[in-house]
Novice: 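I have a structure here, written as C-alpha cells, and I will follow up with some questions on it.
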2 protein chains.
Amino acid sequence: MNVTIKDIARLAGVSHTTVSRALNNSPLIKDETKNKIKEIAQQLNYVPNLNAKNLVTDRTFNIGLFFSTLNIGTTPSFFNQTVKGVNSIIKDKYNLIIKGIDDYKDFNLVTSKRFDGIILMSQSEKDNLFIYNVIEKKIPIVVLNREIKCDSIICILTDDRIASKQAVNYLIDNGHKDIAIILGKEGFKSTEKRKQGYLDALMENKIFINNDFIVQGTYDFKSGYTAMEKLLSLPKVPSAVFCSNDDMAIGAMNAAFQMGLKVPDDISIVGFDDNSISQFLNPSLTTVNRHIEDIGREGAKMIIELIENCEANGMIKYMDAELVIRKSVSKNA
Amino acid sequence: MNVTIKDIARLAGVSHTTVSRALNNSPLIKDETKNKIKEIAQQLNYVPNLNAKNLVTDRTFNIGLFFSTLNIGTTPSFFNQTVKGVNSIIKDKYNLIIKGIDDYKDFNLVTSKRFDGIILMSQSEKDNLFIYNVIEKKIPIVVLNREIKCDSIICILTDDRIASKQAVNYLIDNGHKDIAIILGKEGFKSTEKRKQGYLDALMENKIFINNDFIVQGTYDFKSGYTAMEKLLSLPKVPSAVFCSNDDMAIGAMNAAFQMGLKVPDDISIVGFDDNSISQFLNPSLTTVNRHIEDIGREGAKMIIELIENCEANGMIKYMDAELVIRKSVSKNA
DNA sequence: CCATGTTTTGCACACGTTAACAATATATAT
DNA sequence: ATATATATTGTTAACGTGTGCAAAACATGG
C-alpha cells in the first residue's frame, strides 16, 4: 500500500540499497544518482517507515519529557512553559512524549527501545529511583530543576537558594524585618532550597528567625490562602511574606484582601516563578523569574546533543534567575 | 544485548513462534506451556521490541495530541487541563505525543505509520486543512472543542454559544443592560460562538446592540487589559463586561482597578473557562466552567475505542458547561 | 490396532530498512 | 595496454516480531 524504497529502486533502475544510501545522503553515492532518486522519492511522496528503520538502527525518535507528576504540585504555567521550551527545539524528526513518573506502576516500559533520550523535569527527591533506573538502562538523560550529585548526569537548573535569598534581601532592603515564608510542597527539593535562601538572607542580616513565620504550603493557591490566614492570626503579624511560588502568593494576597488588608500598604508580598499572570495582578506581583522556558530549551538542546553526539560528560549548569520588581512590596519605616 | 523471544524460546525448549503466541495470549497454545513461557519472560524481564512488533503489525502505539498551536492563544491552564485529562486515560501501552500543528511545515510526517490515532484540540478553522489531511490518510481522529460538519468525524465540545448566552443572561437577570463583550482571538471558532451567545441573549431580551461594546481581544491578559481601557474610555461606559475567557477577564479587571474602579461595585465582569486561578482572584470571578479535563478524558476514551474497535460512526457530543457564580457581578438597579 | 478429528507446535517467510562485504565501473599511473 | 587504486553500485543477511500453512501430538471411536 505504502511506497517503500523498493518501489523507488524499481523506478530508478537501481538496487534498494542504493536508494537507502541516497536518501540518507551517503557519500558513497554519485550526486547524479542521488538527485535522481531523491526526486522520485519526492514525487512518490515517500515517507520512511520508522519502525523498519528503527528496528535495524536500534533507535526510536522519541524523546520523553517526564514530570514527577502531572497532577497536583505541577502548576499549569510551569508545565506549559516547560513543554513550550522543549518543543521549540525538538525538531520534526523527534516525537515529544509527555509522561508523569507516577503514571508508571513499574519502569519496565521505560527502555532504550522506547526512548532515545529522556528529559526529566524533576520536582522531588523521590525521582531518584526513576533516574537511576534510566541510567542503568543506558538511556541518555538530562535532569532539569534539580541537582543530582552523580557526576555522569547533566543537570540544568537555577540556583533557587541564591534567587530566594536575593528576593528576601530585597524585602530587607526595603526595611522589612518581620518576614514570613510560605513553604512549597513538602519533599520537593525546590521547597528546601527556597527555604534555605530565606534563612540565608535573614541570618546574614542578623535577623532573628521566628519559627511562627515559617508556614507549610503545597504550591497551590489554596495552600497559600490558608497559610496566610495562619500568619495573619498570629499575635505578631509579619510585615512581609515571601511565598515559595506565585500561585501561593496569589492565594496569600486574597487572604489578605479578605481580612481587609491592603497589599502592599499593610503587608508586602513576594512570589517566585513569575507566572504569566503575575504582572496582571492587582497589585502586580514582585517575583523571581526563573526562565523555565529557557531551561526547557536548554535541556532539549542537551539531550539532542547527547543522543546524536554522545557527549557524555556530566555537568551542572546554572541558569540565571531574575528578580522582577513590581508593586507588591512597600517601603517599611 | 536485550532479551528477545528467541532467548525465551531457547530456555523454554520451544520455537519462537510458540513464545510469540503465548505472550499474545493466543488460544492456540496450551495453558500449561503458556504459563511456563510467561514465567520465563517475567523472570528475564522481557520487554517486547516495539519496532519489530509494529513493523509487522503495522501499528505504532502513539497517540498524538495536537493543538492548533503551542504558542500564543493557548493558555497554560487550558493546555494543562487538556493534557491531564487525556493522559489520565491513556494507558501505559500508548505514548502520548504532544504537537502544535504549526510545528509542521508540511504534513508528510503525519502518517498512520507515526500515529495510531490523533486527538486534536482544535481552536481555529485553519485546522481544517490538517483534519482533512489526517482523514485522507485514514488515521483515526477525534476533534475536541470544535464542530466539524463532516459526518464521519467524532467531535466533543461544549456548546459555547449556549453557555455564553447563559452567562450573559445572568448579567441581564441582575439588571444589567449596558453589557459589553471582549472577543477572543480572531479566527478561532470559539470566539465566534461566544459572540453568538452574547448576541442571542441580548436579542432575546430585546436589548439594543451597541457596536462600541464589542471589542476585539486575543485571549491573553494583555488584550483583555487594552480592550477594557478602550471600553472605559467610551462616552457611555458599560455596566458589565462579558469576557471571552478568564485570562482576558483578569486583564480587564486590572484595567478597571487601574482606573480607580471597583469590581463589581462600579463594573461587573464575567469570564469564561474557570481557570484554576479564578476562584482566588479578588473579587473571585464569576465564569463558565467547561470541564476541559473531562473533554480530554472523553476524547481519549473515544480515540482508543476507535483504534481498538474501529467504531467509525461520526458524532458530535456536547459536554455540559456550568456557570460558576462568584463575586464579580453586582446587582444593577 | 487403525482411521479420523482435534489440539498444539514448528517451519519458513514477511515486514522495510541498514550495513558488511563483494562486485563492478571508472580513473590513474606505469 | 596493463596493473592498481578509487569510486560507485549490488548481493545478501540481519534486526525482532507475527502468521499461513504444514507437521506432529494427542484424543476419540470403531
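Letters A, B, ... are given to chains in the order of the sequence lines, protein chains preceding strands, and every chain is numbered from 1. For clarity, every value in this text was computed on a predicted model and none was experimentally measured.
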Novice: Does the distance from a Lys or Arg side-chain N to an Asp or Glu carboxylate O, for D58(A) and K113(A), drop under 4.0 Å?
Specialist: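 Salt bridge flag = yes for K113(A) with D58(A).
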
Novice: Between I29(B) and V56(B), who's closer to the 5' end of DNA chain C by nearest nucleotide?
Specialist: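 Result: I29(B).
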
Novice: Tell me: CG of L50(A) to C1' of dC15(D), nearest whole Å?
Specialist: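 Those two atoms, CG and C1', are 15 Å apart.
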
Novice: May I ask you to decide if the ring planes of F66(B) and F115(B) are parallel, tilted or perpendicular, using 30° and 60° as cut-offs?
Specialist: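 Plane angle over 60°, so perpendicular.
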
Novice: Please tell me if K6(B) has a side-chain N or O lying less than 4.0 Å from either OP1 or OP2 of dG16(D).
Specialist: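 It does not, given that no N or O in the side chain of K6(B) lies less than 4.0 Å from OP1 or OP2 of dG16(D).
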
Novice: If you check the L55(B) side chain, which of dG18(D), dT17(D), dC15(C) turns out closest?
Specialist: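 Between dG18(D), dT17(D), dC15(C), the one nearest the side chain of L55(B) would be dC15(C).
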
Novice: R146(A): what forms a salt bridge (charged side-chain N to carboxylate O under 4.0 Å, His left out) with it, not counting sequence neighbours?
Specialist: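 So R146(A) forms no salt bridge (charged side-chain N to carboxylate O under 4.0 Å, His left out) with any residue.
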
Novice: Separation of N54(A) atom CG from dT18(C) atom P, in whole Å?
Specialist: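 After rounding, the reported distance stands at 10 Å.
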
Novice: Just to confirm, is there a sub-4.0 Å distance from OP1 or OP2 of dG16(D) to any side-chain nitrogen or oxygen of N2(B)?
Specialist: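 Checking N2(B) against dG16(D): no side-chain N or O falls below 4.0 Å of OP1 or OP2.
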
Novice: Whole Å only: how far is the CZ atom of F61(A) from the P atom of dT17(C)?
Specialist: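 Distance check: F61(A) CZ to dT17(C) P gives 13 Å.
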
Novice: Scan N24(B) against the nucleic acid and name what it touches under 4.0 Å (heavy atoms): base, sugar-phosphate only, or nothing.
Specialist: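 Sugar-phosphate, backbone atoms only, no base.
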
Novice: Enumerate, atom names and distances included, each donor-acceptor pair closer than 3.5 Å involving a side-chain atom of residues 99-106 of chain A, sequence neighbours excluded.
Specialist:
from, atom 1, to, atom 2, distance (Å)
K99(A), NZ, Y94(B), O, 3.2
D102(A), OD2, T69(A), OG1, 2.8
D103(A), OD1, N87(B), ND2, 3.4
D103(A), OD2, G100(A), N, 2.9
D103(A), OD2, N87(B), ND2, 2.9
D106(A), OD1, N108(A), N, 2.8
D106(A), OD1, N108(A), ND2, 3.4

Novice: So for atom NZ, which belongs to K137(A), do other residues, nucleotides or ligands contribute more than 12 heavy atoms lying within a distance under 6.0 Å?
Specialist: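 Enclosed.
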
Novice: Are K30(B) and dT7(C) close enough that a side-chain N or O sits under 4.0 Å from OP1 or OP2?
Specialist: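 Checking K30(B) against dT7(C): no side-chain N or O falls below 4.0 Å of OP1 or OP2.
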
Novice: Report yes if a side-chain nitrogen or oxygen of Y46(A) is closer than 4.0 Å to either non-bridging phosphate oxygen (OP1 or OP2) of dG16(C); otherwise report no.
Specialist: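 For Y46(A), the contact criterion (side-chain N or O under 4.0 Å from OP1 or OP2 of dG16(C)) is not met.
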
Novice: Does anything in residues 13-33 of chain A pair up under side chain to side chain donor-acceptor pair (under 3.5 Å), and if so which pairs, sequence neighbours excluded?
Specialist: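 The answer is S15(A)-T18(A), N25(A)-K38(A).
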
Novice: Are K301(A) and E305(A) ion-paired here, with the side-chain N under 4.0 Å from a carboxylate O?
Specialist: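 Judged by the 4.0 Å cut-off on N to carboxylate O distance, K301(A) and E305(A) do not form a salt bridge.
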
Novice: Nearest to the I5(A) side chain among dT17(D), dT17(C), dT8(C), which nucleotide is it?
Specialist: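 Between dT17(D), dT17(C), dT8(C), the one nearest the side chain of I5(A) would be dT17(C).
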
Novice: When the distance from CG of N49(A) to P of dT17(C) is rounded to whole Å, what number comes out?
Specialist: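 That distance rounds to 6 Å.
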
Novice: Pick out the pairs of N or O atoms, protein on one side and nucleotides 23-25 of chain C on the other, that lie under 3.5 Å.
Specialist:
none

Novice: Please indicate whether E39(B) has more than 12 foreign heavy atoms, meaning atoms of other residues, nucleotides or ligands, lying under 6.0 Å from its CD.
Specialist: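 Open.
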
Novice: Report the distance from atom CG of D31(A) to atom P of dT8(D), rounded to the nearest whole Å.
Specialist: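 Roughly 8 Å, once rounded to whole Å.
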
Novice: Assess, by modelled atom type and distance only, whether the side chains of T4(A) and Y46(A) contain a donor and an acceptor separated by less than 3.5 Å.
Specialist: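 Absent: no donor and acceptor within the cut-off.
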
Novice: May I have the distance from I8(B) (atom CD1) to dG18(D) (atom P), rounded to whole angstrom?
Specialist: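 In whole Å, dG18(D) P and I8(B) CD1 are 11 Å from each other.
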
Novice: So N145(B) and R290(B), side chain to side chain donor-acceptor pair (under 3.5 Å) or not? Walk me through it.
Specialist: CA-CA 10 Å; N145(B) 206 36; R290(B) 290 200 290 151; 2.8 Å; yes

Novice: Does atom CG (N71(A)) have a neighbourhood of more than 12 heavy atoms from anything else shown, all under 6.0 Å?
Specialist: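 Atom CG in N71(A) is crowded, with more than 12 foreign heavy atoms closer than 6.0 Å.
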
Novice: Nearest heavy atom decides the nucleotide; on that basis, is L28(B) or T4(B) closer to the 5' end of DNA chain D?
Specialist: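 Its nearest nucleotide being more 5', the pick is T4(B).
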
Novice: Give the residues of residues 10-21 of chain A touching DNA chain C, defined as any heavy atom closer than 4.0 Å, sorted by residue number.
Specialist: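 H16(A), T17(A), S20(A), R21(A) - these, ordered by number, are the residues of the stretch whose heavy atoms sit under 4.0 Å from the strand.
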
Novice: Are the charged groups of E147(A) and K193(A) less than 4.0 angstrom apart, N to O?
Specialist: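 Judged by the 4.0 Å cut-off on N to carboxylate O distance, E147(A) and K193(A) do form a salt bridge.
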
Novice: May I have the distance from N51(A) (atom CG) to dT17(C) (atom P), rounded to whole angstrom?
Specialist: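 Checked: the CG to P distance equals 11 Å.
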
Novice: Can you list, in residue-number order, the parts of residues 32-40 of chain B that come under 4.0 Å of DNA chain C, counting heavy atoms only?
Specialist: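 Residues of residues 32-40 of chain B under 4.0 Å from DNA chain C: T33(B).
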
